[in-house]
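Down below is the structure, laid out as structure tokens.
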Amino acid sequence: MLVYIFVLFSLLCFNVLYNYKPHQYYAYWGATVIFIIAAFRSGEVGNDLERYISMFMSEINRESAKADMEWGYNFLNEFLRFFSNDAQWFIFSTSLLILLPLFILIIKKSSNPVFSMMIFFIIINGFGFFLTAIRQALAVVICLWAFNFANNKKIALPILLIVIAAGIHASALFCIVFLLLAYKEFNQKIYLTLLFISVLIGFGFRINVFDVLPLLGALPIFSEHVEIYSGYSDYFTEASPNFNGLFLTIVPTSIFAYYAIKKNSISIYSRLLCVGTILTNIFASTPMIPRYFMYCTICQVVIIPAVYSTLTKCGKIVMCGTIILLMLYFLLFSLKINGIDNYNFYTIE
């Protein structure tokens with residue numbers, strides 16, 4: 001845990017310095033610290049990392065209809081093996097491919113890139129999740145760039161990037177729907193009303209999509225897909241559907257989405273964040289569901305620093321309290337959930 005406390009402390013210091021005298025080199029230092037932790041970790045840091053390494057080294061084959069759809073990840077492994085089939089090269093190169101584009105976008109678009117990096121580091125589907133879910137992390141970063149170009153009123157390039165991202169993780173295809181929803185400039189009150197209703201549904205109805213999987217499995221068109229996802233029904237069950245899991249899944253992101261829409265509803269990042277938050281809240285009792293909407297909720301790393309500067313003193317207190325809560329959750333729960341609690345740097349044997 002000490003290494004993560006060090007990173008958090010470093011980001012907090014860089015953030016104070018940036019606020020005192022804004023300069024991009026504080027962001028470069030923050031990005032470097034996070035990158036070192038990711039790129040030079042051992043192969044045991046991350047629930048799924050050992051399996052990804054085994055696939056990279058061709059020790060296990062990934063053969064299924066879903067694997068065939070995700071041609072991009074197969075191509076990536078082949079490309080990386082052209083240079084080396086060493087496990088540490090895989091960790092280093094994938095960390096670079098994930099974090100470098102993310103940090104470039106943050107530095108390019110965020111009003112306070114150090115603040116953005118700190119948010120990325122502590123949110124539920126942020127840094128900790130990126131260390132274990134390599135395929136989806138790659139897809140999320142590509143889609144975030146797609147949203148960036150969509151924000152500039154372009155459509156062909158965003159769709160192309162989303163298709164490429166879906167070749168790495170099929171769930172990225174949802175981003176086409178998310179974009180269509182976010183392009184619609186609803187009245188601010190409509191977004192806030194839907195957000196409030198989604199919070200009530202999330203806490204009150206406990207909707208679990210996996211409860212209907214057996215029914216869908218009886219239909220020929222869904223049978224193969226149900227088999228793929230049936231194993232998720234008990235994935236982190238203790239962490240998600242209980243009250244504490246629901247509270248952390250629903251409340252912090254809803255607060256961020258509320259202020260984003262309240263203060264900057266004209267931005268596509270704010271609308272995407274709100275769309276993702278509403279969907280996450282409604283299905284919060286379904287294990288793993290936040291990861292399918294994180295393509296939208298990850299937008300908080302770009303939009304929240306700009307929103308924060310416009311808040312009243314009371315709003316800033318609420319935002320800071322939410323961030324402190326996420327820091328505690330990251331250190332006390334998220335590390336263990338993602339299998340990164342026992343951190344070790346890579347050592348040459």
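Keep in mind that this is a model prediction, so the values were computed, not measured.
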Is there a donor-acceptor pair closer than 3.5 Å between any side-chain N or O of Trp145 and the backbone N or O of Pro101?
yes
Apply side chain to side chain contact (heavy atoms under 4.5 Å, CB included) to residues Leu144 and Cys299 and explain how you reach the verdict.
CA-CA 7 Å; Leu144 193 56; Cys299 290; 4.0 Å; yes
Tell me, do Ile250 and Thr280 make a side-chain contact under 4.5 Å, heavy atoms counted?
no
With a 6.0 Å cut-off on the ring centroids, do Phe205 and Phe203 count as close?
no
Indicate the atoms forming the closest heavy-atom contact of Ser265 with Arg271, along with that distance.
O-NH1, 3.2 Å
With a 6.0 Å cut-off on the ring centroids, do Phe330 and Phe121 count as close?
yes
Angle between ring planes, Phe120 versus Phe103, binned at 30° and 60°: parallel, tilted or perpendicular?
perpendicular
Got a donor-acceptor contact below 3.5 angstrom from the Arg41 side chain to the Ala38 backbone?
yes
Taking the ring of Tyr308 and the ring of Tyr259, is the distance between their centroids below 6.0 Å?
no
From the list Asn264, Ile304, Val275, side-chain contact (heavy atoms from CB on, under 4.5 Å) partner of Ser270 resolves to Asn264
Side chain to side chain contact (heavy atoms under 4.5 Å, CB included) evaluation trace for Leu49 with Leu131:
CA-CA 8 Å; Leu49 182 56; Leu131 291 190; over 6 Å; no
Answer yes or no: is there a side-chain heavy-atom contact under 4.5 Å between Lys336 and Met1?
no
Rounded to the nearest 0.5 angstrom, the CG-CZ distance for Leu279 and Phe283 is 7.0 Å
Side chain Gln188, main chain Lys262, donor-acceptor under 3.5 Å:
yes
What do the steps show when you test Leu80 against Phe92 for side chain to side chain contact (heavy atoms under 4.5 Å, CB included), and what is the final call?
CA-CA 11 Å; Leu80 294 179; Phe92 178 88; over 6 Å; no
Quick one: do Asn338 and Asn47 satisfy side chain to side chain donor-acceptor pair (under 3.5 Å)? Show the steps, please.
CA-CA 6 Å; Asn338 290 301; Asn47 287 328; 5.2 Å; no
Minimum heavy-atom distance between Phe293 and Gly276, given as atom pair plus value
CB-O, 3.7 Å
Donor-acceptor pair, side chain of Asn19 and main chain of Asn15, under 3.5 angstrom:
yes
Indicate the atoms forming the closest heavy-atom contact of Ile53 with Ala87, along with that distance.
CG2-CB, 3.6 Å
Would you confirm whether Asn112, through its side chain, and Phe115, through its main-chain N or O, come within 3.5 Å as a donor-acceptor pair?
yes
Does any non-hydrogen side-chain atom of Ile107 lie less than 4.5 Å from one of Gln24?
yes
For Leu11 and Met118, work out which heavy atoms get closest and say how close.
CD1-CA, 3.9 Å
Side chain of Glu70, backbone of Ala170: donor and acceptor closer than 3.5 Å?
yes
In the structure I gave you, are the side-chain heavy atoms of Phe129 and Met294 within less than 4.5 Å of one another anywhere?
yes
Please evaluate residues Asn125 and Thr297 with respect to the criterion side chain to side chain donor-acceptor pair (under 3.5 Å), reporting the C-alpha separation (whole Å), side-chain torsions for both, the decisive distance (0.1 Å), and the verdict.
CA-CA 9 Å; Asn125 285 312; Thr297 56; 5.4 Å; no
Are Asn342 and Glu44 packed together at the side-chain level, in the sense that at least one heavy-atom pair is separated by less than 4.5 angstrom?
no
Where the side chain of Ser309 meets the backbone of Ala306, is there a donor-acceptor pair that is under 3.5 Å apart?
yes
Check side chain to side chain donor-acceptor pair (under 3.5 Å) between Ser267 and all other residues, then give those that pass, not counting sequence neighbours.
none
Pro113 versus Tyr18: any side-chain heavy-atom pair under 4.5 Å?
yes
For this output row, return yes or no: ring centroids of Tyr269 and Phe147 closer than 6.0 angstrom.
no
Note, Ile162 side chain near Leu179 side chain (heavy atom, < 4.5 Å)
yes
Does any non-hydrogen side-chain atom of Phe196 lie less than 4.5 Å from one of Tyr258?
no
Tell me whether Gln300 contacts the main-chain N or O of Leu273 through its side chain, where contact means a donor paired with an acceptor under 3.5 Å.
no
Which residues share a side-chain contact (heavy atoms from CB on, under 4.5 Å) with Asn344, sequence neighbours left out:
Ser42
Suppose we call two aromatic rings close when their centres sit under 6.0 Å apart. Are Phe90 and Phe56 close by that rule?
yes
Is there a donor-acceptor pair under 3.5 Å between the side chain of Arg135 and the backbone N or O of Tyr73?
no
